[in-house]
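We name chains A, B, ... by the order of the sequence lines, and we start the count at 1 in each one.
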Protein chains: 2
Amino acid sequence: MLSTDKGSISLYMQIKELLVARIGRGDWLPGDAIPSEIQLAQDLGVSQGTVRKAITELVEKNVLTRKQGRGTFVSTHDQERALFHFFHIAADDGQKALPQSSVLHLRRKAASRAEAAKLHLPGGSRVINIERIRRFDERPTILENIVLPAELFEGLGLDGEGNLPNTLYELYQREYGITIHRASECLKAVGASEREATLLEVAPGAALLQIERIALTLEDTPVELRTSRCNTAHHFYENTIF
Amino acid sequence: MLSTDKGSISLYMQIKELLVARIGRGDWLPGDAIPSEIQLAQDLGVSQGTVRKAITELVEKNVLTRKQGRGTFVSTHDQERALFHFFHIAADDGQKALPQSSVLHLRRKAASRAEAAKLHLPGGSRVINIERIRRFDERPTILENIVLPAELFEGLGLDGEGNLPNTLYELYQREYGITIHRASECLKAVGASEREATLLEVAPGAALLQIERIALTLEDTPVELRTSRCNTAHHFYENTIF
DNA sequence: AAGTGGTCTAGACCACGTA
DNA sequence: ACGTGGTCTAGACCACTTG
């Protein structure tokens with residue numbers, strides 16, 4: 001099981017990988033408690049400190065959550081996490097709230113070459129394409145275009161298009177067992193097209209903030225492409241550099 | 001020195017604060033080695049593991065850098081750090097390089113009300129204002145407007161305006177003992193003014209990416225305001241969410 | 001009271017860099 | 001050879017949550 005050979009990687013690293021593998025395999029679902037540190041230490045034949053070090057690094061990566069006196073749990077995608085971890089738009093007064101979403105269309109299609117490449121799919125794979133508009137206080141502010149591998153999200157949206165929840169990442173996790181752990185975003189300033197201008201109620205050519213996100217699972221598999229175009233007249237994208 | 005009372009915070013936290021205080025005070029300068037873990041443990045009357053835990057958290061915060069077999073050092077602002085930690089603009093082909101900078105003007109003035117508030121200065125304090133343009137391959141791409149408290153950066157730029165290095169954070173650290181540890185950025189898309197359009201060689205009203213940064217020291221004191229307006233026709237702002 | 005994570009110790013041995 | 005950080009152990013006690 002665990003290797004203590006001279007050339008092998010450290011025990012706590014092996015334990016980390018083992019835990020990640022078991023979570024990825026679904027042994028423990030988001031929200032479940034994993035065995036206690038002492039229990040794991042006995043099972044694996046190492047000391048508690050070694051298990052603890054492995055768990056500590058997974059807590060730092062947001063994979064696990066410790067609760068003193070209760071146990072260690074697989075992290076979930078609650079509203080909190082969606083809001084503070086993956087949603088970076090705030091109002092000019094500093095207030096942060098999730099906007100209301102309404103779906104403009106939801107359809108299946110063949111992936112474009114660029115989409116297939118970014119999602120690591122074979123050329124011509126089927127994808128689900130969602131376009132939705134997000135409003136703060138009734139004011140349309142963000143236009144989102146989302147692309148998902150159809151294979152991974154089978155049946156999504158087939159029960160009526162408008163039935164999607166506001167926080168999609170909760171849905172991915174609950175219904176499809178897919179947990180988004182990382183994302184990389186590319187931001188540009190672009191001019192609004194005629195259609196975008198109409199939908200976002202701005203002048204054609206007005207400056208919009210474009211955010212291209214690739215969302216990844218724990219194993220770094222890309223599973224969602226999301227392009228947002230955002231009217232930043234009364235909102236901004238915030239980023240903290242540590 | 002260290003308190004082991006019941007109500008007090010944990011030993012390793014106290015050690016962390018002590019180390020931060022000594023670094024802030026200049027006991028060890030950036031690039032210096034701090035005493036070894038064993039040495040510190042003896043001095044403080046705790047075990048190596050406790051010192052180690054304190055140091056580990058400071059390494060994660062980029063305050064210290066460990067080098068196996070050599071020691072633990074106060075982090076420095078080398079080019080690497082400037083490039084990968086605080087500079088988030090990359091070319092469309094993914095290449096990342098620091099642009100060349102040229103100063104448009106450097107002057108002293110009274111802080112505006114907003115500037116004073118953001119820098120936590122008393123109203124009407126003197127500030128240094130730098131405007132510079134940054135070019136990738138001769139193409140003007142970023143217009144930067146920088147505001148610094150004059151008190152902290154005495155004498156900056158008085159030896160000829162154009163003499164500033166490309167990576168200012170290195171200068172702040174080397175010449176003024178000020179190390180930038182954190183920054184918070186607010187991004188918007190804005191239309192180019194006439195002047196900006198001329199300088200950046202774009203059409204007036206063209207969409208520019210505006211980045212407002214507040215840079216902070218280890219003690220979370222704001223010491224620099226930087227507003228960048230960036231032509232994102234061939235570049236983008238990248239952000240990774242963990 | 002029992003079980004969990006959180007802190008801390010004292011010591012062992014390994015891997016690495018320097019002299 | 002020596003000193004540094006890096007890993008690991010076995011055990012202690014504390015703080016918190018739950019039955």
Within this structure, what is the CD1-to-C1' distance between A/Ile38 and C/dA2, rounded to whole angstrom?
-> 11 Å
Between B/Gln14 (CD) and C/dG6 (P), how many Å, whole number?
-> 19 Å
Figure out the CG/P separation between A/Leu64 and C/dT4, and round it to whole Å.
-> 16 Å
Between CD1 of A/Ile34 and P of C/dG3 the distance, given in whole Å, is 18 Å
Are A/Ser36 and C/dT4 close enough that a side-chain N or O sits under 4.0 Å from OP1 or OP2?
-> yes
Does atom CD of B/Glu151 have more than 12 heavy-atom neighbours from other groups under 6.0 Å away?
-> no
Rounded to whole angstroms, how far apart are CG on B/Leu11 and P on D/dC13?
-> 16 Å
With the side chain defined as heavy atoms from C-beta on, A/Glu37 is closest, among C/dG6, C/dT9, D/dC8, to C/dG6
Would A/Glu37 and A/Arg66 pass as an ion pair if we require N to O under 4.0 Å?
-> yes
Contacts of A/Val51 and B/Gln39 projected onto DNA chain D by closest heavy atom; the upstream (5') one is B/Gln39
For B/Ile55, answer base if it contacts any base atom (sugar-phosphate contacts may also be present), sugar-phosphate if it contacts only those atoms, and nothing otherwise; contact means non-hydrogen atoms under 4.0 Å.
-> nothing
Tell me: CZ of A/Arg66 to P of D/dA15, nearest whole Å?
-> 18 Å
Carboxylate-amine/guanidinium proximity below 4.0 Å for A/Asp27 and A/Arg25 = yes
Shortest side-chain distance from B/Val46, nucleotide among C/dG6, C/dT9, D/dT7 = C/dT9
D/dT7 OP1/OP2 closer than 4.0 Å to side-chain N/O of A/Lys53 = yes
Is a salt bridge present between B/Lys96 and B/Glu238, judged by a nitrogen-to-oxygen distance below 4.0 Å?
-> yes
Might you point out which heavy atoms bring A/Cys230 and A/Ile142 nearest each other, and give the distance in Å?
-> SG-CG1, 3.8 Å
Below 4.0 Å: OP1/OP2 of D/dA10 and any side-chain N or O of A/Ser47 = no
Between A/Arg70 and A/Gln48, whichever has its closest DNA chain D nucleotide further toward 5' is A/Gln48
Give B/Gln68 one of three labels, base, sugar-phosphate or nothing, depending on what nucleic acid heavy atoms sit under 4.0 Å from its own.
-> base
B/Thr50 vs C/dT9: side-chain N/O to OP1/OP2 distance below 4.0 Å | yes
In whole angstrom, what separates B/Lys16's NZ from C/dT7's C1'?
-> 14 Å
Please check the phosphate of C/dT7 (OP1 and OP2 only) for any side-chain N or O of B/Tyr12 closer than 4.0 Å.
-> yes
Whole-Å distance, A/Arg52 CZ to D/dC14 P, equals 17 Å
